[in-house]
Number of protein chains: 2
Amino acid sequence: MKELAAELGVSTATVSNAFNRPDQLSPQLRQRVFREAKRLGYNGPDAKARSLRTGRSQIIAVILAESLTYSLNDAVASELLSGIAEVLDEQHHTLLLLSGRQSPGQLPGSMSIADGFIVYGLMPSLELIDTLPPSRPLVAVDFNLDNQPTVHVDNLPASRAIADHALAQRPRRVGIITLRLTEQPCNGRVTEDLAWLTSGQTITRERLDGFYQALEAHDMAPASVPVWNVEENTHEVCAPVIAAILDLPDDERPDLLLCMSDRLALTALTLAEQRGLRVPEDLRLTGFDGIAEGQYRAPRLTTVRQNSVEKGRIAARIILGLDPAKDQRLDTELVIGESCP
Amino acid sequence: MKELAAELGVSTATVSNAFNRPDQLSPQLRQRVFREAKRLGYNGPDAKARSLRTGRSQIIAVILAESLTYSLNDAVASELLSGIAEVLDEQHHTLLLLSGRQSPGQLPGSMSIADGFIVYGLMPSLELIDTLPPSRPLVAVDFNLDNQPTVHVDNLPASRAIADHALAQRPRRVGIITLRLTEQPCNGRVTEDLAWLTSGQTITRERLDGFYQALEAHDMAPASVPVWNVEENTHEVCAPVIAAILDLPDDERPDLLLCMSDRLALTALTLAEQRGLRVPEDLRLTGFDGIAEGQYRAPRLTTVRQNSVEKGRIAARIILGLDPAKDQRLDTELVIGESCP
DNA sequence: CTGAAAGCGCTTACAG
DNA sequence: CTGAAAGCGCTTACAG
């Protein structure tokens, strides 16, 4: 820039103004600056210097509780990111992706470059959050953080509603499949010795509480309903647990599975098909999330649609100061598919 | 930092060294610096200033030819990003996500903050690439860029191989479904008046050339094989085109569909199921990519597996200087599923 | 082992 | 409409 200014015989302030404040100089001079810049291969002010000087980088960091690998391949996280990206794009901001699963000492220092932080999901340790610059905006998605705005859906009433729907036609045997319900990792049937996370800690617990309310309303004892847990919402991790359920003898196998995610329900659907179990005749399935894949397979999933894209949009709008920085709760929608009519 | 140094009675250089060069000061002093830093709420050197001073930000930008919304929801792009993220994480770098679909004037200036650029897929205009700082490393993925290293698979032989496999059992009627083959957008049957992109421009054309070689090797005239094109690799955009194919009268409907992506093949599979067409008995299907979803549905897809995660890893390694900056070609693997045994 | 000083490339309030 | 100057918060070569 200095070089360019010298070449043009103007000050660096003028060059800077040419790029940032068109009204501060004549259009002719501005054009001359641009022409000369192009000739010298100067593509505008350096972002590093600009961000140091102005204090803003136009970068928003998204901190994901899961690994990036998992999040990028998870439909719900991808939709959330889409919504965020959409708003950031519009507002000429960019997206920096970070995982909260870093070893504590290894946090990339580049984190602090961001103008704001969207934190998605409860991570193993909140330590990371403490190291974020306190002056910059932060919004939590799908979990609660003291004194910070959060964007989320009302999990309990939503899961209550879908369970009510499913239980209206009385099943012989119900089963529930949860995601990361227990304090200790568990892939399989949840036994009594395992402690559960609280509903303040995880949306899984909120959803389970909704199921339990519905069971009670239908005169079924929650304690009599077996719960299986899965640690990761991927086909690979879900499949063995679900296979074990479906391979139970006919008089033990549930004919209704309430699943905490569409991925779980879809995996159950695939494994049921492979075993010649008909859905919904032999096995009814409900999901949660409303991901696209669940709606374009046959049978379509009965599920709770949460608008993850919109969740992302709102989080981004709060971070950018376009929406007020307060808690936002999104509505959900019960979607009745053929998997549990 | 100045404040912290003053508080401690040392110079800012010492504080800086405490964070960056442990060997430059006594452990005792270092601990004292950390304690005091914590007390004052100082979380280490500011990334903006550091990056300006050192010239490096520890940020790598990925520029996606498609919109972020599309890319985040596309399995292949997500796998690529996973591979990139995995290596960047290890190396304490972070990922900045950018779309190449920006309106030209609206490019976020924050782009130039990155230490290197991974460009995925051919974008509508190469203008954007010209504005990248020429001194920083750049690697292209899945397309060619003059004088820049590229990471890609050998599309032509791979598609030749899968078509050879499919044609070995002679079909009555073959159909081909392409992705963005034509210069002008086209969703549906490709008519003669539409110009095709060249194989230098798009991997779609390379794949089509592979199909054509296989057709000729099996004494079938490529010109006699109908080609349908789809502009976006999503269920929503693919479905109407494929529905039209499947709804052709029995004596016109292909009994073998060579699809350029697994998404296309999976959409065909779903729509075929809905119409009571049996796969592979009534309709054989081949895909391309080898995404997970294609391998855990029944029937599993016959496809070409390309290791997109590894592609991402390699691109990241090149950008970080861990691998030599030269063209890398990855092997593919023919996967025989039940959709075309 | 520690500190004084230069400078990374900008933007901006201010003076002219 | 234009320019001189300060300073954003660091790192680093160098002197001590």
Side-chain angles (χ1 to χ4, degrees), chain A residues 1-34 36-37 40-59 108-115 131 133-136, chain B residues 1-34 36-37 40-59 92 108-115 131-136:
Chain A
M1 177 153 155
K2 221 154 57 180
E3 191 186 326
L4 173 59
E7 192 79 14
L8 285 159
V10 300
S11 76
T12 59
T14 300
V15 176
S16 172
N17 284 333
F19 283 97
N20 301 316
R21 306 176 151 197
D23 54 310
Q24 294 294 304
L25 73 177
S26 69
Q28 297 88 328
L29 178 56
R30 186 156 185 254
Q31 286 314 312
R32 200 157 73 83
V33 173
F34 286 162
E36 192 66 9
L40 292 177
Y42 178 80
N43 284 312
D46 175 82
K48 296 196 248 303
R50 183 209 295 251
S51 69
L52 173 59
R53 177 56 229 237
T54 62
R56 294 185 309 107
S57 61
Q58 316 275 88
I59 290 174
S110 44
M111 221 169 50
S112 68
I113 216 164
D115 293 340
T131 71
S135 59
R136 282 175 237 165
Chain B
M1 177 152 153
K2 220 155 54 181
E3 191 187 326
L4 173 59
E7 192 80 13
L8 285 159
V10 300
S11 76
T12 59
T14 300
V15 176
S16 171
N17 284 334
F19 283 97
N20 301 318
R21 305 174 153 199
D23 56 309
Q24 295 293 303
L25 72 176
S26 69
Q28 296 88 327
L29 178 56
R30 186 154 185 254
Q31 286 313 315
R32 199 157 72 83
V33 172
F34 286 162
E36 192 67 10
L40 292 177
Y42 178 80
N43 283 311
D46 175 83
K48 297 195 247 303
R50 184 209 293 252
S51 70
L52 173 59
R53 177 55 229 239
T54 63
R56 293 185 308 106
S57 59
Q58 316 277 88
I59 291 174
H92 308 126
S110 44
M111 218 168 54
S112 67
I113 218 161
D115 293 340
T131 70
L132 299 178
S135 58
R136 282 175 239 165

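The chains referred to below are lettered A, B, ... by the order of the sequence lines, with proteins before strands, and numbering in each begins at 1.
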message: Considering only residues two or more places apart or on different chains, which pairs with a residue in residues 7-19 of chain B satisfy salt bridge (Lys or Arg N to Asp or Glu O under 4.0 Å)?
response: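 Sorted pair list: B/Glu7-B/Arg39.
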
ask   = Where each residue is assigned the nucleotide of DNA chain C containing its nearest heavy atom, which of B/Asn17 and A/Lys2 is assigned the position nearer the 5′ end?
value =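 Whichever sits nearer the 5' end wins; that is B/Asn17.
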
Can you give me the closest heavy-atom contact between [X] and [Y], atom names plus distance?
{"X": "B/Thr131", "Y": "B/Met111", "result": "OG1-CE, 3.8 Å"}
{"X": "B/Ser112", "Y": "A/Pro45", "result": "OG-O, 4.2 Å"}
{"X": "A/Val10", "Y": "A/Leu29", "result": "CG1-CD1, 4.3 Å"}

query = With a non-hydrogen cut-off below 4.0 angstrom, is B/Phe19 in contact with a base, only sugar-phosphate, or nothing?
reply =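 No contact at all - B/Phe19 keeps every heavy atom at 4.0 Å or more from the nucleic acid.
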
* To do: Taking only heavy atoms on the protein side, list every residue of residues 20-33 of chain B lying under 4.0 Å from any atom of DNA chain C, sorted numerically.
  =>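 When residues 20-33 of chain B is checked for heavy atoms under 4.0 Å from DNA chain C, the hits, listed by number, are B/Asp23, B/Gln24, B/Leu25, B/Ser26, B/Leu29.
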
- Residues in side chain to side chain contact (heavy atoms under 4.5 Å, CB included) with B/Ala37, at least two apart?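 Expected list: B/Leu4, B/Phe19, B/Tyr42.
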
So, using side chain to side chain donor-acceptor pair (under 3.5 Å) as the criterion, who are the partners of A/Asp115 when residues are at least two apart?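 Side chain to side chain donor-acceptor pair (under 3.5 Å) check on A/Asp115 returns A/Ser57.
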
By side chain to side chain donor-acceptor pair (under 3.5 Å), which residues pair with A/Thr14, not counting sequence neighbours?
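Per chain and number, A/Thr14 pairs via side chain to side chain donor-acceptor pair (under 3.5 Å) with A/Ser11.
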
- Where does the chain A footprint on DNA chain D start and end, counting 5' to 3' with a 4.0 Å heavy-atom cut-off?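 Range of nucleotides touched by chain A: D/dC1 to D/dG9.
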
Determine yes or no for a side-chain-to-main-chain donor-acceptor pair under 3.5 angstrom, with B/Arg32 supplying the side chain and B/Pro27 the backbone.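 Not confirmed, B/Arg32 side chain does not pair with B/Pro27 backbone.
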
Pairing residues for B/Glu3 by the salt bridge (charged side-chain N to carboxylate O under 4.0 Å, His left out) criterion, not counting sequence neighbours =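 Result, salt bridge (charged side-chain N to carboxylate O under 4.0 Å, His left out) vs B/Glu3: none returned.
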
Quiz item: Stems in DNA chain C: runs of 3 or more consecutive Watson-Crick or G-U pairs, distances under 3.5 Å?
Solution: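 Correct response: C:1-3 with D:14-16, C:5-12 with D:5-12, C:14-16 with D:1-3.
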
**Prompt:** In Å, rounded to the nearest 0.5 Å, how long is the span from CG of A/Leu40 to CG of A/Asn43?
**Reply:**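 Spacing of CG (A/Leu40) from CG (A/Asn43) equals 11.0 Å.
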
Run the side-chain donor-acceptor check on residues 48-56 of chain B: report pairs under 3.5 Å with partners two or more places apart or on a different chain.
unit_1: B/Arg50; atom_1: NH1; unit_2: B/Asn20; atom_2: OD1; d: 3.3
unit_1: B/Ser51; atom_1: OG; unit_2: B/Ala47; atom_2: O; d: 3.2
unit_1: B/Ser51; atom_1: OG; unit_2: B/Lys48; atom_2: O; d: 3.0
unit_1: B/Thr54; atom_1: OG1; unit_2: B/Arg50; atom_2: O; d: 2.9
unit_1: B/Thr54; atom_1: OG1; unit_2: B/Arg56; atom_2: N; d: 3.2
unit_1: B/Thr54; atom_1: OG1; unit_2: B/Arg56; atom_2: O; d: 3.2
unit_1: B/Arg56; atom_1: NH1; unit_2: B/Gln58; atom_2: OE1; d: 3.4

Discussion item. Under the side chain to side chain donor-acceptor pair (under 3.5 Å) definition, can you give me all pairs with a residue in residues 22-31 of chain A, not counting sequence neighbours?
Written reply: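 Not a single pair qualifies under side chain to side chain donor-acceptor pair (under 3.5 Å).
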
Does anything in residues 9-16 of chain A reach DNA chain D, meaning a heavy atom under 4.0 Å, and if so which residues?
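A/Gly9, A/Val10, A/Ser11, A/Ala13, A/Thr14, in order of number.
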
Notebook entry, point to check: Which parts of residues 48-56 of chain A get close to DNA chain D, meaning a heavy atom less than 4.0 angstrom away?
Noted result: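 Residues of residues 48-56 of chain A under 4.0 Å from DNA chain D: A/Leu52, A/Arg53.
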
